[in-house]
Peer 1: 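Quick one: this structure, given as structure tokens, is what I'll be asking you about.
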Amino acid sequence: LMHQRSVPLGAPMPRVSVEEMDGDDPQFEPYRQRLVPFILTGGMEGWNMLKEWPETWRTYLPSLFPHSVTDFYPYNMLSNNRHSPYLTRLPRAVRELEIETGPRQQAFGSKFKYDGSEPLPGRYFHLQLTGEDWARLERNGDIKEPEERHWHLSSDHWMEACLGYPDSDLAAEYHIKTHWKIILTGARGAGMF
């Protein structure tokens with residue numbers, strides 16, 4: 001880890017492949033039933049965002065969501081006393097990630113004052129997506145449509161039944177308040193306390 005914390009590391013989570021989820025081996029039933037935490041591997045195969053965004057996200061995301069507000073962490077979130085996010089429009093947050101943290105950061109265009117402490121590399125932001133934002137990514141082909149996604153990555157069916165997704169105010173509020181769907185982007189070393 002770039003910033004080792006003085007807490008014990010947790011047990012590693014099991015990794016379960018799409019093939020194991022879709023198979024009939026009973027040892028994977030707890031994962032199929034979502035009874036224990038795990039990391040699903042291979043679930044996003046074929047998503048255009050994985051092919052195109054590594055080169056284009058810095059310009060593409062701000063063009064899609066120029067007025068969206070991010071929770072931006074200019075001082076990382078590794079310090080207990082400096083962890084509040086700054087509400088920052090997406091285009092500004094993307095520019096801030098490119099600026100090196102330190103005494104001259106404002107000279108290089110940062111809107112955030114260097115506070116004199118040892119800079120912690122690893123600025124990051126998260127962009128909360130509404131149901132409409134998510135649908136836009138689907139329409140653009142960045143992510144697969146619900147019927148093409150792996151069943152474990154789809155929540156549309158219960159959201160439609162319980163919250164009136166995607167058209168209700170309740171569904172929009174749920175997305176925002178629970179951070180249900182977000183794009184998390186950061187520089188090397190980003191982390192939480």
Side-chain angles (χ1 to χ4, degrees), residues 13-22 28-54 56-74 77 83-97 123-186 190-193:
M13 283 204 286
R15 294 177 180 270
V16 179
S17 72
V18 167
E19 293 77 21
E20 291 165 331
M21 288 292 284
D22 291 342
F28 295 103
E29 196 58 31
Y31 306 115
R32 289 184 199 105
Q33 298 297 320
R34 300 178 182 181
L35 299 176
V36 293
F38 67 97
I39 298 170
L40 179 67
T41 61
M44 294 172 57
E45 291 295 320
W47 287 28
N48 284 337
M49 64 185 277
L50 296 179
K51 292 183 272 186
E52 297 172 13
W53 285 18
T56 64
W57 71 269
R58 288 174 182 84
T59 55
Y60 183 63
L61 283 179
S63 74
L64 280 181
F65 308 115
H67 304 293
S68 292
V69 176
T70 68
D71 291 355
F72 179 64
Y73 296 86
M77 201 171 159
H83 64 272
S84 295
Y86 289 79
L87 300 179
T88 307
R89 298 247 182 239
L90 178 60
R92 164 54 53 192
V94 170
R95 286 194 300 273
E96 290 286 344
L97 287 182
R123 297 170 158 205
Y124 73 96
F125 67 80
H126 77 253
L127 171 65
Q128 297 185 62
L129 300 173
T130 64
E132 177 52 38
D133 295 339
W134 188 258
R136 185 173 188 186
L137 294 174
E138 290 173 338
R139 285 191 306 272
N140 289 356
D142 295 307
I143 58 177
K144 289 185 175 183
E145 296 282 343
E147 59 277 359
E148 298 174 6
R149 280 197 293 271
H150 188 267
W151 63 269
H152 208 72
L153 297 177
S154 183
S155 59
D156 295 3
H157 59 283
W158 72 261
M159 292 187 81
E160 289 167 2
C162 298
L163 303 175
Y165 177 80
D167 301 318
S168 74
D169 290 340
L170 180 61
E173 182 179 3
Y174 182 83
H175 269 81
I176 296 299
K177 289 187 175 176
T178 63
H179 299 186
W180 189 251
K181 294 177 179 172
I182 65 171
I183 295 175
L184 181 63
T185 307
M192 295 180 142
F193 56 87

Peer 1: With a 4.5 Å heavy-atom cut-off, do Y73 and R123 have their side chains touching?
Peer 2: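 No, their side chains stay 4.5 Å or more apart.
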
Peer 1: State whether the side chain of R32 and the backbone N or O of E20 hold a donor-acceptor pair below 3.5 Å, judged by distance alone.
Peer 2: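 Yes: the side chain of R32 pairs with the backbone of E20.
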
Peer 1: Which heavy atom of M13 sits nearest a heavy atom of P37, and at what distance?
Peer 2: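 Scanning both residues, the minimum pair turns out to be SD-CB, 3.6 Å.
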
Peer 1: Closest approach of P91 and P66, non-hydrogen atoms and distance?
Peer 2: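 Shortest heavy-atom separation between P91 and P66 comes out as CD-O, 3.4 Å.
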
Peer 1: Working to the nearest 0.5 angstrom, can you tell me the gap between F65 CZ and L90 CG?
Peer 2: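 With rounding to 0.5 Å, CZ (F65) is 8.5 Å from CG (L90).
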
Peer 1: Which pair of heavy atoms, one from S68 and one from L127, lies closest together, and at what distance?
Peer 2: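 That would be CB-CD1, 3.6 Å.
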
Peer 1: Sequence neighbours left out, what passes ring-ring contact (aromatic ring centres under 6.0 Å, His included) with H179? Give chain and number order.
Peer 2: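 Counting only residues at least two positions away or on another chain, H179 forms a ring-ring contact (aromatic ring centres under 6.0 Å, His included) with H126.
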
Peer 1: For Y31, enumerate each residue passing the ring-ring contact (aromatic ring centres under 6.0 Å, His included) test, keeping only those at least two apart in sequence or located in another chain.
Peer 2: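 Counting only residues at least two positions away or on another chain, Y31 forms a ring-ring contact (aromatic ring centres under 6.0 Å, His included) with F38.
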
Peer 1: Extract all donor-acceptor atom pairs below 3.5 Å that involve side chains of residues 157-171 and protein atoms in other chains or at least two apart in sequence.
Peer 2:
{"residue": "S168", "atom": "OG", "partner": "L163", "partner atom": "O", "Å": "2.3"}
{"residue": "S168", "atom": "OG", "partner": "A171", "partner atom": "N", "Å": "3.0"}

Peer 1: Any chance you could lay out the side-chain contact (heavy atoms from CB on, under 4.5 Å) test for V16 and I39, step after step, and finish with the verdict?
Peer 2: CA-CA 6 Å; V16 179; I39 298 170; over 6 Å; no

Peer 1: Run the side-chain contact (heavy atoms from CB on, under 4.5 Å) check on L129 and I183 step by step: do they pass?
Peer 2: CA-CA 7 Å; L129 300 173; I183 295 175; 3.9 Å; yes

Peer 1: With distance as the sole test, does D142 use its side chain to make a donor-acceptor pair with the main-chain N or O of N48 at under 3.5 Å?
Peer 2: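 No; zero donor-acceptor contacts below 3.5 Å.
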
Peer 1: How many angstroms lie between CE in M21 and CG in L153, if you round to the nearest 0.5 Å?
Peer 2: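 Between M21 CE and L153 CG, I get 9.0 Å after rounding to 0.5 Å.
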
Peer 1: Going by heavy atoms in the side chains, are E52 and W57 under 4.5 Å from each other?
Peer 2: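 No, every pair of side-chain atoms sits at 4.5 Å or beyond.
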
Peer 1: List the residues meeting side-chain hydrogen bond (donor to acceptor under 3.5 Å, both in side chains) with E145, not counting sequence neighbours, and say none if there are none.
Peer 2: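 Partners of E145 under the side-chain hydrogen bond (donor to acceptor under 3.5 Å, both in side chains) test: none.
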
Peer 1: Taking side-chain contact (heavy atoms from CB on, under 4.5 Å) as the test, write out the residues that go with V18, two or more places apart.
Peer 2: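 For V18 the side-chain contact (heavy atoms from CB on, under 4.5 Å) partners, ignoring immediate neighbours, are D22, L40, H150.
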
Peer 1: Please round to the nearest 0.5 Å and tell me the distance separating atom CZ of F72 and atom CG of L87.
Peer 2: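 The CZ atom of F72 sits 12.0 Å away from the CG atom of L87.
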
Peer 1: Sequence neighbours left out, what passes side-chain hydrogen bond (donor to acceptor under 3.5 Å, both in side chains) with E19? Give chain and number order.
Peer 2: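 Expected list: S17.
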
Peer 1: Could I get the full list of side-chain hydrogen bond (donor to acceptor under 3.5 Å, both in side chains) partners for R15, not counting sequence neighbours?
Peer 2: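 Counting only residues at least two positions away or on another chain, R15 forms no side-chain hydrogen bond (donor to acceptor under 3.5 Å, both in side chains).
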
Peer 1: Atom CG of D71 and atom OH of Y124: how far apart are they, to the nearest 0.5 Å?
Peer 2: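 That separation rounds to 9.0 Å.
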
Peer 1: Under the side-chain hydrogen bond (donor to acceptor under 3.5 Å, both in side chains) rule, collect the residues that match up with W134, sequence neighbours excluded.
Peer 2: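 So W134 forms a side-chain hydrogen bond (donor to acceptor under 3.5 Å, both in side chains) with E138.
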
Peer 1: Testing the basics here: between W151 and R34, what is the closest heavy-atom pair and its distance to 0.1 Å?
Peer 2: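 That closest heavy-atom pairing would be O-NH2, 3.9 Å.
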
Peer 1: Can you name the side-chain contact (heavy atoms from CB on, under 4.5 Å) partners of S63, sequence neighbours left out?
Peer 2: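 Partners of S63 under the side-chain contact (heavy atoms from CB on, under 4.5 Å) test: Y60.
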
Peer 1: Any side-chain heavy-atom pair from W53 and L61 closer than 4.5 angstrom?
Peer 2: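 In short, these two side chains touch, coming nearer than 4.5 Å.
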
Peer 1: Once side-chain contact (heavy atoms from CB on, under 4.5 Å) is applied, do any residues pair with E45, and if so which ones, sequence neighbours excluded?
Peer 2: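 Here no residue qualifies.
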
Peer 1: State which residues pass ring-ring contact (aromatic ring centres under 6.0 Å, His included) with Y86; sequence neighbours excluded, sorted by chain then number.
Peer 2: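 Y86: ring-ring contact (aromatic ring centres under 6.0 Å, His included) contacts with F112.
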
Peer 1: Only one of T70, V94, V69 passes side-chain contact (heavy atoms from CB on, under 4.5 Å) with R89; say which it is.
Peer 2: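 Only one option passes, and that is V69.
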
Peer 1: If you take all heavy atoms of M49 and P54, which pair is closest and at what distance?
Peer 2: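 Looking at all heavy atoms of both residues, the closest pair is O-CD, 3.6 Å.
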
Peer 1: For residues 127-137, which residue pairs qualify under salt bridge (Lys or Arg N to Asp or Glu O under 4.0 Å), counting only residues two or more places apart or in two chains?
Peer 2: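 The answer is E132-R139.
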
